[in-house]
Amino acid sequence: MNIAALVSGGVDSSVVIHLLKEQGVTPDIFYIRIGMEDEEGYIDCPAEEDIEITQWIAKKYGCRFEEVNLHKEYWDNVVSYTIESVRKGLTPNPDVMCNKLIKFGAFEERRGKDYDRIATGHYARTADIDGTMFLATAVDPIKDQTDFLSQLEYRQIRKLMFPIGGMMKSEVREIAHEAHLPSADRKDSQGICFLGKINYNDFIKRYLGEKEGKIVELETGKILGTHKGYWFHTIGQRKGLYLSGGPWFVVRKDIEENILYVSQGYDPAAAHGKEIPLMGFRYLSAPLWEGKEMVDVKFKIRHTPEFHQGHLHPTPDGLMQIDSDDPIQGIAAGQYATIYDNDAHLVVASGMIV
């Protein structure tokens, strides 16, 4: 079988190569360069160290190595999507878009199309159900990344291999130590690589600037302070408001008037909701529930180990909606809801919160 492996220099993708070789498979290794270090002010994205480790892995296991530069595609798709979403007052998810459009989109068009399967270090699995390939949750609930993969199309899912999806993170680290891999103790990457060491707010400021607006208590209408632009804040956010007498949470944004509405306390009613309407709803592999008026589901609206329980149903205006059994804090438009079967095993569908 002809296998391409996406390796980042981290411990997870490094162990993928070790496991494939143990199975008698020698994959071709690809490093995708997407960092913005070529842009003025965007430096310190650790691409060189990543590439050195990836090349070391390729040499150790006798694999062909190739670097694929998808810088332009990443800018045109993921970075621009992030900026435009923030400009519209939405909460973007660059990781979801990167997987859909870059790692398994642009890479597939450039090189992946020449391979039978693509192996990655994601914590996820696939499951063959009566000949249909489904995305399935990983064994490690804390590391599970199926929510970041929930916008993939079926043609992408059926080519993927997730060799570490059946392992706990501690097992992956143990294998890396036993194999003396240089990535064994590397910290997991945090944040969006194109920022390098640039602060997220500095990045947003560069493209959207600053504009002072009011911070208003939702329940009383009292003006509590000012902010530098609604685009620096997301629904459910607590940090960065610099208000006394807190905690304060962002519960609403008035885009036209550039007003942030906040509520006080760790559990304000205004910060919670049960209804989650979705646009762009679609099934990943098969329309399991098509035609059903109501179905019990597990779901996530952000990257956490916990699943929520709820009911999925169509709305009169043609959308799909999740009604959560319990109130959920920080339901943010622009984020993606990932919908699982009632066993929290198969990823069935996803949609963007509106």
Side-chain angles (χ1 to χ4, degrees), residues 81-82 84-97 144-151 200 204 215-219 227 229-241 246-282 289 294-340 342 344 347-354:
Y81 148 81
T82 301
E84 284 308 306
S85 295
V86 171
R87 191 196 308 274
K88 294 174 182 176
L90 303 174
T91 302
N93 195 322
D95 294 305
V96 169
M97 288 298 107
D144 179 77
Q145 294 174 298
T146 49
D147 53 321
F148 291 145
L149 300 168
S150 66
Q151 279 288 296
Y200 178 76
I204 296 300
I215 301 177
V216 177
E217 185 173 14
L218 180 69
E219 292 79 3
H227 61 88
Y230 66 80
W231 43 87
F232 294 113
H233 303 275
T234 59
I235 301 298
Q237 178 180 331
R238 176 190 171 198
K239 295 181 179 179
L241 293 171
W248 296 94
F249 290 87
V250 178
V251 295
R252 192 178 299 171
K253 293 191 283 187
D254 185 327
I255 306 307
E256 295 296 324
E257 299 296 330
N258 192 28
I259 297 173
L260 289 184
Y261 289 97
V262 298
S263 286
Q264 187 183 37
Y266 282 103
D267 204 28
H272 292 71
K274 285 189 171 185
E275 297 181 353
I276 306 168
L278 306 173
M279 68 178 292
F281 173 90
R282 64 180 187 82
W289 305 317
M294 184 84 71
V295 63
D296 292 342
V297 298
K298 293 282 198 313
F299 68 95
K300 293 183 182 183
I301 63 166
R302 60 177 60 88
H303 186 59
T304 61
E306 297 81 25
F307 295 88
H308 298 286
Q309 182 75 49
H311 311 283
L312 179 72
H313 63 90
T315 65
D317 55 1
L319 298 178
M320 294 295 281
Q321 179 169 301
I322 303 169
D323 292 340
S324 177
D325 287 0
D326 300 305
I328 298 179
Q329 190 264 343
I331 301 172
Q335 285 284 287
Y336 285 90
T338 306
I339 303 164
Y340 303 79
N342 211 30
V347 183
V348 179
S350 69
M352 190 177 80
I353 300 171
V354 293

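The structure displayed is predicted, hence computed values, not measured ones. Scope of the values below: all heavy atoms of this structure, side chains included, with no hydrogens, waters or symmetry mates.
Between the side chain of His233 and the backbone N or O of Leu241 there is no donor-acceptor pair closer than 3.5 Å. Side chain of Tyr230 to main chain of Arg87: a donor-acceptor pair is present (N/O by atom type, distance under 3.5 Å, no hydrogens or angles).
Within 6.0 Å of atom CZ in Arg252, 12 or fewer heavy atoms from other residues, nucleotides or ligands are found, so the atom counts as exposed in its surroundings.
With His308 as reference, Ile328 is the one residue of Ile328, Asp326, Ile276 to meet the side chain to side chain contact (heavy atoms under 4.5 Å, CB included) rule.
A pairwise comparison of heavy atoms in Gly330 and Ile301 identifies O-CD1, 4.2 Å as the closest pair. In this structure, Pro247 and Arg238 approach most closely via the heavy-atom pair CB-NE, 3.5 Å. When all heavy atoms of Leu278 and Ala337 are compared, the pair lying nearest together is CD2-CB, 3.7 Å. Between Gln237 and Phe232, the shortest heavy-atom distance links the atoms OE1-O, 3.6 Å.
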Check against side chain to side chain contact (heavy atoms under 4.5 Å, CB included), Gln151 and Met352: CA-CA 10 Å; Gln151 279 288 296; Met352 190 177 80; over 6 Å; no
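Taking CD1 of Ile235 as the reference point, atom CD of Gln329 lies at 10.0 Å (rounded to 0.5 Å).
Side-chain contact check for Asp323 and His311: no donor-acceptor pair (N or O, by modelled atom type) lies under 3.5 Å. The closest side-chain donor-acceptor pair between Gln145 and Asp95, if any, does not fall under 3.5 angstrom. Between the side chains of Ser263 and Glu217, no donor-acceptor pair of N or O atoms lies under 3.5 Å.
Between Phe307 and Tyr340, the two ring planes are perpendicular [angle over 60°; tilted spans 30° to 60°].
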